[in-house]
Amino acid sequence: VNISYNYFLRIRYKTKESKKMGQSACKVSLRNGLKQTGVYLVENDKIIRANLRTTINNLSTNSTIKVRGESSYCDNYADEICEIKPNIVILSSFNKIKDGMQRIKQIQKDMPLVKQIILTDTPDEEEFCTSVISGVKGYCRQSIKEDELFRVIHMVANNESYFDETMGNFIFRMIRHMGHLKQLPIDKPVEEQFDMSERELEVIKAAAITRTYKEAGELLCISPNTVKMHLSKIYRKLGVDTKLEAILKMQSKIYEFKF
């Protein structure tokens, strides 16, 4: 539990560090290597959409972030996204959309290189879990501040993930549960449910409660490269890209979102 708690603190610390970094530091990083980040906005309310467009276009003095297109959820925006090829799609007021998850999965299927960010009025654990499993890289409150939104776009564009801090306790709870998978009253052994070897299950459990390949390897007395190799196989089997996605996907299947 102590290791898990340290991992949880690291997640929160990273968020605080990004705040300390400041918008100017983000701009320097963008100027030094990141090409222009194209954003596509989806929002039904024209006023909210216009405000988001203005905010995003004004975030970067050197135009490193630019809104390339926008639409409402009622429009058939998939074709336009395919044509424009933005780096990021922002799904605003997501909690008000009934078929939101289907839209996320469709974008992920048709345009796997496009990263998705959700803005929601009411952060929800089940919605968050399903979103991350479906490939969403950013999950934030609708009321996010301008400088924070800049950091979210910057991180997601650089293949990082950013999640609202209200999901911290939920993530921590899922990490703790990873240590008890073998004792769960389920029909099939965990290894069979996920087509994993017993060793692979040990690796994902160790990875869940540690920060690096080296730390996970020390727990299992194997090398960091061996941990990395096992995790790559696990991610392929689960159809995910990150450790958090793997943890949430395994937990969601076992608990059926009854956290």
Side-chain angles (χ1 to χ4, degrees), residues 23 26-27 29-121 127-128 130-144 146-164 235-236 239-242 245 249:
Q23 186 171 348
C26 288
K27 290 179 180 177
S29 177
L30 285 167
R31 287 198 301 267
N32 287 342
L34 186 65
K35 297 179 181 179
Q36 186 183 79
T37 299
V39 176
Y40 191 94
L41 294 176
V42 187
E43 164 64 57
N44 281 340
D45 189 299
K46 292 182 179 179
I47 296 176
I48 295 177
R49 197 163 72 231
N51 288 338
L52 271 174
R53 179 179 65 249
T54 301
T55 297
I56 292 172
N57 285 338
N58 290 339
L59 286 175
S60 173
T61 55
N62 291 318
S63 300
T64 48
I65 299 175
K66 189 76 173 178
V67 175
R68 293 183 181 172
E70 60 184 73
S71 72
S72 72
Y73 286 99
C74 300
D75 300 330
N76 184 15
Y77 54 83
D79 292 340
E80 189 174 8
I81 292 176
C82 287
E83 182 180 346
I84 294 175
K85 294 182 175 60
N87 305 93
I88 293 172
V89 172
I90 295 181
L91 303 169
S92 178
S93 301
F94 187 78
N95 55 294
K96 299 177 182 178
I97 309 304
K98 293 182 179 180
D99 60 343
M101 289 304 160
Q102 285 79 7
R103 292 171 182 267
I104 287 174
K105 292 175 182 177
Q106 194 62 47
I107 293 174
Q108 186 68 19
K109 179 182 177 181
D110 296 341
M111 296 155 281
L113 296 181
V114 174
K115 301 174 179 66
Q116 300 181 70
I117 296 173
I118 283 177
L119 300 182
T120 179
D121 291 312
E127 179 183 83
F128 167 73
T130 308
S131 300
V132 174
I133 292 170
S134 300
V136 167
K137 301 301 180 185
Y139 187 87
C140 318
R141 288 182 178 275
Q142 190 75 36
S143 57
I144 188 170
E146 292 183 9
D147 59 338
E148 198 72 8
L149 180 59
F150 183 92
R151 279 185 282 271
V152 174
I153 296 173
H154 171 71
M155 292 174 68
V156 171
N158 281 281
N159 297 314
E160 297 183 65
S161 297
Y162 184 103
F163 305 120
D164 187 84
Y235 295 165
R236 283 198 299 272
V240 299
D241 298 317
T242 67
E245 290 173 19
K249 189 160 190 175

Legend entry - Which atom of Ala157 lies closest to which atom of Thr37, heavy atoms considered: CB-OG1, 3.8 Å

Legend entry - Separation of Ile153 CD1 from Ile90 CD1 (nearest 0.5 Å): 4.0 Å

Legend entry - CG-NZ distance between Asn51 and Lys46, expressed to the nearest 0.5 angstrom: 14.5 Å

Inset, instruction - Check side chain to side chain contact (heavy atoms under 4.5 Å, CB included) between Gln106 and all other residues, then give those that pass, not counting sequence neighbours. - result: Lys109, Asp110

Inset, instruction - With rounding to the nearest 0.5 Å, note down the distance linking CG in Leu149 to CD1 in Ile117. - result: 7.0 Å

Inset, instruction - Determine yes or no for a side-chain-to-main-chain donor-acceptor pair under 3.5 angstrom, with Asn87 supplying the side chain and Gly38 the backbone. - result: yes

Legend entry - Sub-4.5 Å side-chain heavy-atom contact between Thr120 and Glu127: yes

Inset, instruction - Answer yes or no: is there a side-chain heavy-atom contact under 4.5 Å between Lys66 and Asn57? - result: yes

Legend entry - Exercise: do Asp75 and Ser72 side chains pair donor with acceptor under 3.5 Å: yes

Legend entry - Closest non-hydrogen atom pair, Gln142 against Ser93: OE1-N, 2.7 Å

Legend entry - Distance, nearest 0.5 Å, that separates NZ of Lys115 from CG of Asn158: 8.5 Å

Inset, instruction - State, yes or no, whether a side-chain contact exists between Ser161 and Met155 at a heavy-atom distance under 4.5 Å. - result: no

Inset, instruction - Could you go through the ring pair (Phe, Tyr, Trp, His ring centres under 6.0 Å) check for Tyr139 and Phe163 one step at a time? - result: CA-CA 5 Å; Tyr139 187 87; Phe163 305 120; 7.5 Å; no

Legend entry - Gap between atom CD1 of Ile97 and atom CG of Asn95 - 0.5 Å precision: 8.0 Å

Legend entry - Sidechain N-carboxylate O distance under 4.0 Å for Glu80, Arg68: no

Inset, instruction - Would you confirm whether Lys105, through its side chain, and Gln102, through its main-chain N or O, come within 3.5 Å as a donor-acceptor pair? - result: no

Inset, instruction - Identify the heavy atoms of Gln108 and Ser134 that sit nearest to each other, and give their distance. - result: CG-O, 3.5 Å

Inset, instruction - Give a yes or no answer on whether the side chain of Asp241 reaches the backbone of Tyr235 with a donor-acceptor pair at less than 3.5 Å. - result: no

Inset, instruction - Could you tell me whether the side chain of Pro86 reaches within less than 4.5 Å of the side chain of Ile81, counting heavy atoms only? - result: yes

Legend entry - Check against salt bridge (Lys or Arg N to Asp or Glu O under 4.0 Å), Lys137 and Glu245: CA-CA 10 Å; Lys137 301 301 180 185; Glu245 290 173 19; 2.7 Å; yes

Legend entry - Lys/Arg-Asp/Glu bridge criterion (N-O < 4.0 Å) met for Asp45, Arg49: no

Inset, instruction - Evaluate side chain to side chain contact (heavy atoms under 4.5 Å, CB included) for Ile88 paired with Tyr40, printing each intermediate quantity in order. - result: CA-CA 6 Å; Ile88 293 172; Tyr40 191 94; over 6 Å; no

Inset, instruction - Kindly give the heavy-atom pair with the smallest separation between Gln116 and Val136, and that separation in Å. - result: O-CG1, 3.5 Å

Inset, instruction - Check whether any side-chain heavy atom of Thr64 sits under 4.5 Å from a side-chain heavy atom of Gln36, and report yes or no. - result: no

Inset, instruction - Kindly indicate, with the supporting measurements, whether the criterion side chain to side chain contact (heavy atoms under 4.5 Å, CB included) is fulfilled by Val89 and Val42. - result: CA-CA 7 Å; Val89 172; Val42 187; 4.1 Å; yes

Legend entry - Least distance between heavy atoms, Tyr73 atom then Glu43 atom: CE1-CA, 4.1 Å

Inset, instruction - Quick one: do Phe94 and Ile104 satisfy side chain to side chain contact (heavy atoms under 4.5 Å, CB included)? Show the steps, please. - result: CA-CA 10 Å; Phe94 187 78; Ile104 287 174; 3.4 Å; yes

Inset, instruction - With rounding to the nearest 0.5 Å, note down the distance linking CG in Leu52 to CD in Glu146. - result: 10.0 Å

Inset, instruction - Given side chain to side chain contact (heavy atoms under 4.5 Å, CB included), test Met101 with Ser131 step by step and report yes or no. - result: CA-CA 7 Å; Met101 289 304 160; Ser131 300; 3.0 Å; yes

Legend entry - Heavy-atom closest contact (Ser71 atom, Tyr77 atom, distance): OG-CB, 3.1 Å

